[in-house]
2 protein chains.
Amino acid sequence: MLRVMPKASDKKEKLIESAGKLFHQVGFNQTSIADIAEDSGVPLGNVHYYFKTKADLISEVLDNRKKSIESWFEEFEKLPNPKDRLVGMLGDMEKMKHKVVKYGCPVGSLCQELDKERMPVAKQADGLIKIQLKWVIAQFRELRKKDAEELGLHWMSSIHGTALMANALKDSKVIDSEIARLKSWIKKI
Amino acid sequence: MLRVMPKASDKKEKLIESAGKLFHQVGFNQTSIADIAEDSGVPLGNVHYYFKTKADLISEVLDNRKKSIESWFEEFEKLPNPKDRLVGMLGDMEKMKHKVVKYGCPVGSLCQELDKERMPVAKQADGLIKIQLKWVIAQFRELRKKDAEELGLHWMSSIHGTALMANALKDSKVIDSEIARLKSWIKKI
DNA sequence: GTCTATATGTTGATAGAC
DNA sequence: GTCTATCAACATATAGAC
C-alpha cells in the first residue's frame, strides 16, 4: 500500500531562517539559542534535536547562504555581458541597502565576527567571500582584463568597505554614492 | 613640607591596554573580564574598582584610541602637501597589515561588532570612523576638490574594505595591492 | 519527533576582609 | 587601594517523559 511520506518537519527550516536573521541583526555571540527558539516559535529544548550544537546551527546557516549566493550568480549568468552582471550585483546591493545601514553586510560582518573565534566555522564564513571574489574575478577575465585579480579585489573591497562605512555612519547615501562610482567605473574600463 | 604625590596606579593603564588588545584580537563579547585581568596581571576582583562595568572599560579603550588617532593626524599635519598626508595614512596601514590580516581592522571590526549591540558605546566606536572620515575629507578639500566628500568616502571605504578582505582571505597581498592602487590614484587626481 | 525540566559551566558584578 | 570569595543571571547542552 502506498503511503505518503511524512513531510519533513519545517521546524529545522524555520530555525535556520530565524538564526540567519538574528546572527545578522544581533551577531552570533549576542544571539542565544533561546532567542532563536523564541523567534522561530520552536520550544527551547527542541532546538538541540535538530542541531547538536550552536556551531552546527551557524554552519547550516552559512551553508544556506552559500547556496543562495550560488543561485544568485546563476541568475546573473543569463546576462550575456559581464559588465551587466557586475551592475546586477550592485542592483542587489541597492535593494538591501537599508538592512546594511542598520545591521551591516550579512556576509562581511559575520566573517569579521567569526574570524575572531577559534572555531572551524570561521573558514566557512570566509569561504563565502572567496566564492564571491572568484566569481567577480571571472567576470573581469571574461572582459579580457589582464589584471582581473586586482580589479576583482578592488571591486569586492569597495563593496564591503562601503557596507561598513554606511553601517558606521548610519547613512544609506554612502551606498548610493559608491554604487554610482562603481557603475561609471565599470562602464569606462 | 613637600610631599611627592603618590604615582597614580598604572594598573588602570595596564587594564586598558590589555582590554584594547583582546577586544581587537578576540572581540568584545568573546573577551571576558577574567581574560583581561589575567592578561594584565591584575586580580579579577580588582578590575571593578577601576571600571564599574565592562561597558565603562570599552568606553575608555575607545577614548584612548580616539586620542591616538588625533595625535596621529597631528603628526601628519606637519607635512605641507595633503597628498603626502594621505600617503602617510597608507604607510601606517602597511605597518599594521599583518595584524589586520590576523584580527581585522582594530577600529572597523569593533564598530561592526558593537553596532549590533544595543549599547550607547556603539556610537562612540562609530565616532572613530567619523573623525577619520572628517580628516580625510579635509585633505581633499585642501586639494580644492569639489567632490571632496565623495572622494573621502571612497578613500575610507577602500581602506576598510581592504582590511576586511585581507582578514577574510588571510592574505596581506590584498593590502599591498590596494595600497598601490590608492597611491597611484591619489597622484593622478 | 516533540517538549519539559534540569544539569553544568561561565559570565558580569558585588560584599566585605585586609 | 587591593584582593578573596561569592552571588545571581544566563549560557549551552542533556536526560528523559510523552
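What you see is a predicted model, and the numbers here were worked out from it, not measured in a lab. Naming convention: chains lettered A, B, ... in sequence-line order (proteins, then strands); numbering from 1 in each chain.
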*Presence of Lys12(B) side-chain N/O under 4.0 Å of dG1(D) phosphate oxygens OP1/OP2*: no
*Base versus backbone protein contacts along nucleotides 4-16 of chain C [heavy-atom cut-off under 4.0 Å; B, S, -]*: B------SSBB--
*Quick one: pull up CG in Asp147(B) and CG in Leu153(B) and give me the separation to the nearest 0.5 Å.*
11.0 Å
*Expressed in angstrom and rounded to an integer, what is the separation of Ile58(A) atom CD1 from dT12(D) atom P?*
12 Å
_Tell me whether Glu94(B) is salt-bridged to Lys97(B), with the criterion being a basic N under 4.0 Å from an acidic carboxylate O._
yes
_Check this for me: does any side-chain nitrogen of one of Asp126(A) and Lys130(A) sit under 4.0 Å from a carboxylate oxygen of the other?_
no
_Please evaluate residues Trp185(B) and His154(B) with respect to the criterion ring-ring contact (aromatic ring centres under 6.0 Å, His included), reporting the C-alpha separation (whole Å), side-chain torsions for both, the decisive distance (0.1 Å), and the verdict._
CA-CA 11 Å; Trp185(B) 179 69; His154(B) 176 64; 5.2 Å; yes
*Using modelled atom types only, decide if a donor and an acceptor are shared between the side chain of Ser177(A) and the backbone of Lys173(A) within a distance under 3.5 Å.*
no
